[in-house]
Amino acid sequence: MAAVLFDFSGTLFRIESTDSWLRAVLTAHGLGLPEPEVAASARALEVAGALPGGASPERLPEALSAVWGIRDESAELHRAAYTGLARQVPLPDPALYDALYERHMIPAAWAPYPDAVEVLGALRERGILVGVVSNIGWDLRPVFRAHGLDPYVDAYVLSYEHGIQKPDPRLFKVACDALAVAPQDVLMVGDDRRADGGAADLGCAVHFVDHLPVSQRPDGLRPVLDLAG
């Protein structure tokens with residue numbers, strides 16, 4: 001392989017838990033709620049699918065159905081979709097909905113999988129190019145820089161910057177062109193069989209990893225080194 005493309009959320013990084021997400025924002029706003037209320041609100045937000053990178057909505061409100069399908073095509077759509085889901089859950093201050101959205105974009109809300117640096121570093125040593133292809137509505141580059149992974153990435157291709165989202169093969173082609181490699185010489189690694197599997201339509205090889213908490217997936221990326229050759 002001349003290059004490996006990686007998905008972001010659930011592949012190289014994992015978002016914090018919904019409980020941690022909510023508690024961090026409440027603390028930042030100086031809001032002390034009874035413990036049962038915090039736990040219940042966190043659970044309700046998780047069921048609603050309000051945390052980007054977290055669980056999908058168990059029930060998608062009809063009013064959000066149109067925007068949900070194209071949420072990763074722009075920053076505005078992404079914010080509208082996720083703050084809309086969060087607003088299904090009553091919170092003590094209306095400002096918290098935007099604060100929650102802002103929280104999920106900061107590096108502290110994300111943790112790299114334990115073997116991410118090892119695998120990216122090994123690919124760099126072999127002269128294999130690395131790209132990140134993500135369905136997302138914001139700039140994830142600061143997350144990579146803060147956690148020390150940016151030096152190993154040769155190109156970032158983010159859906160909201162191109163108005164195209166996976167599984168559309170055009171987004172993977174943007175990545176291949178950015179790295180100046182042919183699709184048949186590329187491996188796409190991701191956790192979503194539908195979205196990341198779209199790379200196969202362009203002629204890329206595809207490998208899937210499990211979207212698990214960081215503590216439960218210590219070495220899920222290491223098979224990539226064998227596949228990349």
Side-chain angles (χ1 to χ4, degrees), residues 1-15 52-53 67-79 81-82 104-107 109-113 116-117 119-124 126-209 211 220-221 224-225 227-228:
M1 295 294 176
V4 179
L5 305 178
F6 290 91
D7 172 53
F8 167 55
S9 175
T11 301
L12 289 176
F13 283 83
R14 171 81 180 210
I15 190 69
V67 69
W68 183 253
I70 56 172
R71 66 190 181 280
D72 296 313
E73 293 183 6
S74 77
E76 295 76 17
L77 290 169
H78 194 268
R79 179 183 286 270
Y82 283 102
H104 101 275
M105 295 188 287
I106 69 171
W110 295 88
Y113 281 93
V117 171
V119 170
L120 295 184
L123 292 173
R124 173 56 56 92
R126 297 180 188 183
I128 297 173
L129 298 172
V130 169
V132 172
V133 184
S134 178
N135 277 353
I136 199 164
W138 51 277
D139 186 5
L140 52 71
R141 295 173 183 86
V143 176
F144 279 75
R145 289 195 291 268
H147 291 281
L149 273 68
D150 180 67
Y152 305 108
V153 179
D154 299 288
Y156 294 94
V157 177
L158 311 181
S159 61
Y160 84 102
E161 293 181 338
H162 299 277
I164 307 167
Q165 61 185 38
K166 299 182 289 186
D168 193 322
R170 291 179 296 167
L171 196 64
F172 301 105
K173 186 176 187 307
V174 170
C176 291
D177 290 347
L179 297 172
V181 294
Q184 59 266 28
D185 297 326
V186 173
L187 172 66
M188 174 66 203
V189 181
D191 67 298
D192 187 320
R193 292 183 177 273
R194 178 180 176 275
D196 300 312
D201 294 335
L202 190 65
C204 302
V206 181
H207 175 68
F208 297 106
V209 295
H211 188 155
L221 291 169
V224 171
L225 298 178
L227 294 169

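Being a predicted model, the structure only gives us computed values, none of them experimental.
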Query - Any residue meeting ring-ring contact (aromatic ring centres under 6.0 Å, His included) with Phe8, in chain and number order, not counting sequence neighbours - result: Phe13, Trp110, Phe144

Query - Residues, nucleotides or ligands: over 12 heavy atoms within 6.0 Å of Arg193 CZ - result: no

Query raised in the report: Does the distance from a Lys or Arg side-chain N to an Asp or Glu carboxylate O, for Lys166 and Asp196, drop under 4.0 Å?
Result: yes

Query - Donor-acceptor contact present, side-chain Arg126 to main-chain Leu225, <3.5 Å - result: yes

**Report entry** Heavy-atom pair of closest approach, residues Ala199 and Met188
**Finding:** CB-CB, 3.6 Å

Query raised in the report: If you measure from CH2 on Trp138 to CD on Glu161, what distance do you get to the nearest 0.5 Å?
Result: 12.0 Å

Query raised in the report: Given side chains that start at C-beta, do those of Tyr152 and Val117 come closer than 4.5 Å, heavy atoms only?
Result: yes

Query raised in the report: For Pro107, does its backbone N or O pair with a side-chain atom of His147 as donor and acceptor, under 3.5 Å?
Result: yes

Requested in this report: Specify the closest pair of heavy atoms between Pro52 and His78, including all atoms of both residues, with the distance to one decimal.
Outcome: CB-CE1, 4.1 Å

Requested in this report: Identify the heavy atoms of Pro142 and Asp139 that sit nearest to each other, and give their distance.
Outcome: CD-O, 3.2 Å

Report task. Measure from the side-chain N and O atoms of Asp191 to the backbone N and O of Val209, and report whether any donor-acceptor pair falls under 3.5 Å. Result -> no

Requested in this report: For Gly148 and Pro151, work out which heavy atoms get closest and say how close.
Outcome: O-CD, 3.6 Å

Query - His207 and Val224, any side-chain heavy atoms less than 4.5 Å apart - result: yes

Query - For Leu171 against Ser134, the heavy-atom pair lying closest together - result: CD2-O, 4.5 Å

Query - Distance, nearest 0.5 Å, that separates CG of Asp72 from CD1 of Ile164 - result: 12.5 Å

Query raised in the report: Would you say Leu158 and Arg141 make side-chain contact, with heavy atoms under 4.5 Å?
Result: yes

Query raised in the report: Heavy atoms, side chains only, cut-off 4.5 Å: are Asp192 and Asp7 in contact?
Result: no

Requested in this report: Let me know which of Leu77, Asn135, Ile136 forms a side chain to side chain contact (heavy atoms under 4.5 Å, CB included) with Tyr160.
Outcome: Ile136

Query raised in the report: Just by modelled atom types, is the Gly69 backbone N or O under 3.5 Å from a matching donor or acceptor in the Gln165 side chain?
Result: yes

Query raised in the report: Side chains of Leu179 and Leu5: does their closest heavy-atom pair fall under 4.5 Å?
Result: yes

Requested in this report: Over 60° means perpendicular and under 30° means parallel, so classify the ring planes of His104 and Tyr82, tilted if in between.
Outcome: tilted

Query - Heavy-atom pair of closest approach, residues Ala228 and Val4 - result: CB-CG2, 4.0 Å

Query raised in the report: So, do Phe6 and Leu149 sit near enough that their side-chain heavy atoms are less than 4.5 Å apart?
Result: no

Query raised in the report: Given side chains that start at C-beta, do those of Pro183 and Pro169 come closer than 4.5 Å, heavy atoms only?
Result: no

Query raised in the report: Taking Arg124 for the side chain and Gly121 for the main chain, is one N or O donor matched with an acceptor at less than 3.5 Å?
Result: no

**Report entry** Side chains of Leu129 and Val186 in contact at under 4.5 Å (non-hydrogen atoms)
**Finding:** no

Query raised in the report: What distance separates His162 NE2 from Asp168 CG, expressed to the nearest 0.5 Å?
Result: 12.0 Å

